[in-house]
Every structure is written in C-alpha cells, then in structure tokens.
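In what follows, a structure is listed as structure tokens, so that the remarks can point back to it.
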2 protein chains.
Amino acid sequence: MSKKKGDKKAKSGKKKELEGLSATDLAPAITQAARSMRTALSRSLGESGLYAGQDGVILILAEEDGMTPGQLAIRLGVKAPTMTRTIGRMEAQGFLERRADGTDGRLTKVHLTEAGLQTVEQIGRSVSECGSIAAKGLSDKEIRTLLKLLKTIEQNLQSEPSDDRG
Amino acid sequence: MSKKKGDKKAKSGKKKELEGLSATDLAPAITQAARSMRTALSRSLGESGLYAGQDGVILILAEEDGMTPGQLAIRLGVKAPTMTRTIGRMEAQGFLERRADGTDGRLTKVHLTEAGLQTVEQIGRSVSECGSIAAKGLSDKEIRTLLKLLKTIEQNLQSEPSDDRG
DNA sequence: GCACGGAATTAAATTGTTTATTTAAAGTTT
DNA sequence: AAACTTTAAATAAACAATTTAATTCCGTGC
C-alpha cells in the first residue's frame, strides 16, 4: 500500500476505490463545515454591520493600513475582482476608503476609516468566538492537527490548478 | 487583545481560555480550504455542465429519486430557498424535473431526467478525484481524523445557534 | 368558514468565480 | 526620444450559491 511518492496513474482497469475510500467524503465534509462556519460567523458579524468575507479585510488593514486590493486578495485567498467589489461595498458602507497612489497611477491604496477602526475589536471577538464554538470539545492538540491538515489540503489544491488529462 | 503570532503561552492546556489560542485561526482556515475545494470541484464538474453545489443534488437523487426540495435541503445542509433556486436552474438545464405530488398539493417531487442520470458517474469521479487531490500526502488515518474533526466542528456549530445577545 | 402551520417560492443582499475591458507603467524598436 | 508592444493592476459584467425575511399555497383543525 501507500503508493504515495512514485505514483503511477491508473495501474488497473478496475474502480480502485482504495484511495478514495475516505477521500471521497472530503469535499462534502469541508463544504458543509465551511457553510456552517460561515453562517455562524455571519450572524456574529452582523452586529457590527458586516458580512462574512468582509471581516478579513478589516483585520488585515488593522495590521497594515494602506494595502492595495491585489495584496488584500492574495492575503485572503480570493480573486482580485472579488476584492474590488467587496472593497467597493465596504467603502459605501463607510468602513474604508480608497486613495490613489501618488507614485504609481495603477495602484489603489485602501485605508480604514474611523468607523472601520471601531469594528476591529468586535470582529476579532466574533472570529475568535466562532472558532471557539466550533472547537468545543476538541483538545488543543486536535485543533492544531486540524489546522495543519487544513493547510495541507489547501496547498494540495492550489498547487494543482487544472486537471491534467491523460 | 494581544494574541499575536509568536505569543508563547502555549503551555499544556489547563484553562479553558487557552483553547482559543488556536481556535481563532479556525474560521479563516476552513473558509480558505473550502474555497479552494470549491474552485477545484467547480472546474472538474464543469466538464459535465454542472456547478459546485449542484453535484450533491444529483448524487442524492440518484440514490433516492423523487425527494422534495425540503428533504434535499436538509440532506445537503442548505436552506430551503437555496435548494429552490438550485433546482430551478438544474431544471432549466435539463438535469431534473419537478412534478407535483398528487396526494399533497404542497409538495413538489424532484426527479432526475435521462440527462441527469448520465452525469452521475462523472460527478462521482469528480468528487472523488478532488478529494484525492486534496488528500495527497496524507495517510489514511489522517484523512479519517480530518473527517472526524470536521464533523465535530460542524455539529458544534449547528447545535449552537449563537443567539446569546446581551 | 376561518385561522394556523408547513412546504415551496419569491425578494433582496452579499460573496465568489471567470472572462473581458480600461488604464498606466515598463520594455522594445527604430 | 517617440511610437509601439507588453505587462500589471483595478475594475466591470455575467453567472451561481447562500442566507434571511416575507409571501403564497395548501392541508388540517377549530
């Protein structure tokens, strides 16, 4: 077993369910867990007038103000267009504002407003609280294991951008 | 809050608050993993003309045809309106069809069409493949651990409506 | 006959992706 | 140095998923 490294593809004509015996359940499991997490976070975030997906922007900006949309997108793992629109909404909501970069005309710098700054603590609390609720009953070690596993599969998925046919 | 990275208060846990030292990262980690998974699945599914989120409907219907939208929603862990919309689209795409229940006028039964039936195998392959890609480098035991942890946090989140407003 | 409850749907808001367009800096050629 | 080409960043548009709140429709019960 464990033909992990030097893997040859499709060595047998059968269904070879060996590898997929558990991995098949991975996609549904992650999807559901993320949905639940998103819903919980969304609820908690709602008190500050934010939607799930906006929290990360403020948190990152609170650490380093004046980042560009592109940088934010990379940090948050979303595509640039998503970030553009989210920033637009958050600007309309008054949490942040865009400023043109004086040096490079292509760049846009995103800055937290006073209202945005005031949400930082609440957001941190919401995210932390959701994580704690989700992790209830799990040991510290288990949480770290989960985090590590999650990071691994994320890297696996991102290093395979497209399905190589053949 | 001074829970920065590198904060070395990770002594062997005794207090409950210490659990939160890593749990804070849980929400972002799951969110991102799910995003990557969704993107990968979406790509793989695209070959059959389906979108991520539609696959589960067909898979469930393939096991038990004629379920109601409400039942499907519960099985897939989404809310009823989501299912209504997804079913509507899939019906327009020709993968399934709605039929009124003769006995109870409130119910709608969802049935797979011939075209829908033909996608079942491909979907199974896509889901399985994505799981395998995501799980690359992980042992069987690790995958099972991940699955178990995921299920735990999902149950934790769903049993806690988080309605504690004070 | 009328009120209540459940199932499905509609409405409105947002995130997310892919594809395509605009704008500005940088590089290349003449 | 000027004009053209290429690249990079931000954005716009189209498509889908998801949620909550409100509405419609139907069956059951008072």
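Chain identifiers are assigned alphabetically (A, B, ...) following the order of the sequence lines, protein sequences preceding nucleic acid strands; residue numbering begins at 1 within each chain.
Although no hydrogens or angles enter the test, the distance criterion places no donor-acceptor pair under 3.5 Å between the side chain of S44(B) and the main chain of L41(B). In this structure, S132(B) contributes its side chain and S128(B) its backbone to a donor-acceptor pair below 3.5 Å. Within the 3.5 Å criterion, the main-chain N or O of R98(A) finds a donor-acceptor partner in the side chain of E91(A).
Between Y51(B) and dA16(D) there is a side-chain polar atom (N or O) within less than 4.0 angstrom of OP1 or OP2. At least one side-chain nitrogen or oxygen of R98(A) sits closer than 4.0 Å to the OP1 or OP2 atom of dT11(D). In this structure, T82(B) does not reach the dA17(D) phosphate: none of its side-chain N or O atoms is under 4.0 Å from OP1 or OP2. The side chain of Q54(A) contributes an N or O atom lying less than 4.0 Å from OP1 or OP2 of dT15(C). Distances shorter than 4.0 Å separate some side-chain N or O of T84(A) from OP1 or OP2 on dT11(D). OP1 or OP2 of dA10(D) has at least one side-chain nitrogen or oxygen of T68(A) nearer than 4.0 Å.
Comparing T103(A) and A52(A) along DNA chain C, the residue whose closest nucleotide (by nearest heavy atom) sits nearer the 5' end is A52(A). Residue whose closest nucleotide on DNA chain D sits further toward the 5' end, between Q93(B) and M83(B): Q93(B).
Atom CD of E97(B) has more than 12 heavy atoms from other residues, nucleotides or ligands within 6.0 Å.
One can place CG of L50(B) at 16 Å from C1' of dT17(C), the figure rounded to the nearest angstrom. The separation between R89(B) atom CZ and dT10(C) atom P is 12 Å, rounded to whole Å. As rounded to whole Å, 10 Å separates atom P of dA26(C) from atom CG of L107(A). Between D101(B) atom CG and dC25(D) atom C1' there is a gap of 14 Å when expressed in whole angstrom units. Distance, R38(B) CZ to dT17(C) P: 9 Å, rounded to whole Å. Going from atom NZ of K79(B) over to atom C1' of dA13(C) covers 16 Å, rounded to whole Å. Rounded to an integer number of Å, the gap from L41(B) CG to dT17(C) P is 14 Å. In this structure, R85(A) atom CZ and dG16(C) atom P are separated by 9 Å, rounded to whole Å.
Residue contacts shown for P81(A) include a base, since a base heavy atom lies under 4.0 Å away. Residue contacts for T86(A): at a heavy-atom cut-off of 4.0 Å it reaches the sugar-phosphate backbone alone, with no base atom in range. Backbone-only contact: T108(B) has heavy atoms under 4.0 Å from sugar-phosphate atoms and none from a base.
The side chain of R106(B) has dG6(C) as its nearest neighbour among dG6(C), dT17(C), dT11(D). Side-chain proximity of R35(A) to dA9(D), dT18(D), dC26(D): nearest is dT18(D). Here dG16(C) is the nucleotide among dG5(C), dT11(D), dG16(C) with the atom lying nearest to any side-chain atom of V78(A).
Tracing side-chain contacts under 4.5 Å through hydrophobic residues (I, L, V, M, F, W, Y), one never reaches M37(A) starting from I123(A); they form parts of separate clusters.
If you check the side chains of Q71(A) and E64(A), you find no donor sitting under 3.5 Å from an acceptor.
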